[in-house]
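Count residues from 1 along the sequence.
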Amino acid sequence: MVSLGGIRLTGRIGWWFWGIAHVWYLIGFRSRVVVSFEWFWSYLTFQRGARLITGDATTAADARATAVPARDAAPVPATLAEAKRRA
């Protein structure tokens, strides 16, 4: 939904307005063209977003399980005053 003063845009019109406004504020003509084309192509081909994280979930769990904290690491100071005293 887009609210501009007394005007409310909802649905497909609001979605298009949002997209155009975001593309308008990109820096450079080339960026605007590239983003517009990528969004249009994704819309036509029903592709998912590029920010998906994919991979084997057990790999991440194994990495966390095998991580060993450093024993020599000093604890992080809780305040700026404490950091200054340690320095």
Side-chain angles (χ1 to χ4, degrees):
M1 178 177 72
V2 177
S3 294
L4 299 169
I7 300 172
R8 287 182 61 186
L9 302 174
T10 59
R12 194 172 299 257
I13 294 172
W15 182 77
W16 275 100
F17 187 88
W18 174 90
I20 291 168
H22 281 77
V23 168
W24 179 264
Y25 284 103
L26 288 174
I27 297 173
F29 179 75
R30 183 171 183 245
S31 297
R32 292 180 187 137
V33 171
V34 169
V35 168
S36 298
F37 177 76
E38 287 177 354
W39 283 4
F40 182 70
W41 186 253
S42 295
Y43 182 75
L44 286 179
T45 59
F46 301 103
Q47 292 179 347
R48 292 182 177 217
R51 291 183 282 178
L52 296 175
I53 299 172
T54 60
D56 189 10
T58 58
T59 305
D62 292 341
R64 284 192 303 270
T66 57
V68 179
R71 294 181 186 176
D72 302 348
V76 177
T79 63
L80 183 59
E82 186 180 341
K84 288 180 180 178
R85 278 194 301 261
R86 289 184 186 182

For L44, I'd like to know if atom CG has over 12 heavy atoms of other residues, nucleotides or ligands within 6.0 Å. yes
Among V33, I27, V34, whose side-chain contact (heavy atoms from CB on, under 4.5 Å) with R30 holds? V34
Using 0.5 Å steps for rounding, measure from the CG atom of L80 to the CZ atom of R85. 10.0 Å
Using every non-hydrogen atom in the two residues, find where H22 and W39 come nearest and quote the distance to one decimal. CB-CH2, 4.3 Å
Centroid-to-centroid, W15 to Y43, below 6.0 Å? yes
Anything under 30° is parallel, anything over 60° is perpendicular, the rest tilted; go ahead and classify W41 against F37. parallel
Same apolar cluster: V23 and F29, side chain cutoff 4.5 Å: no
Residues G14 and V2: closest non-hydrogen pair is O-CG2, 3.7 Å
If you apply the rule side-chain contact (heavy atoms from CB on, under 4.5 Å), what do you find for W16 with L9, and how did you get there? CA-CA 10 Å; W16 275 100; L9 302 174; over 6 Å; no
Verify same cluster id: F17, I7 (apolar side-chain graph, 4.5 Å): yes
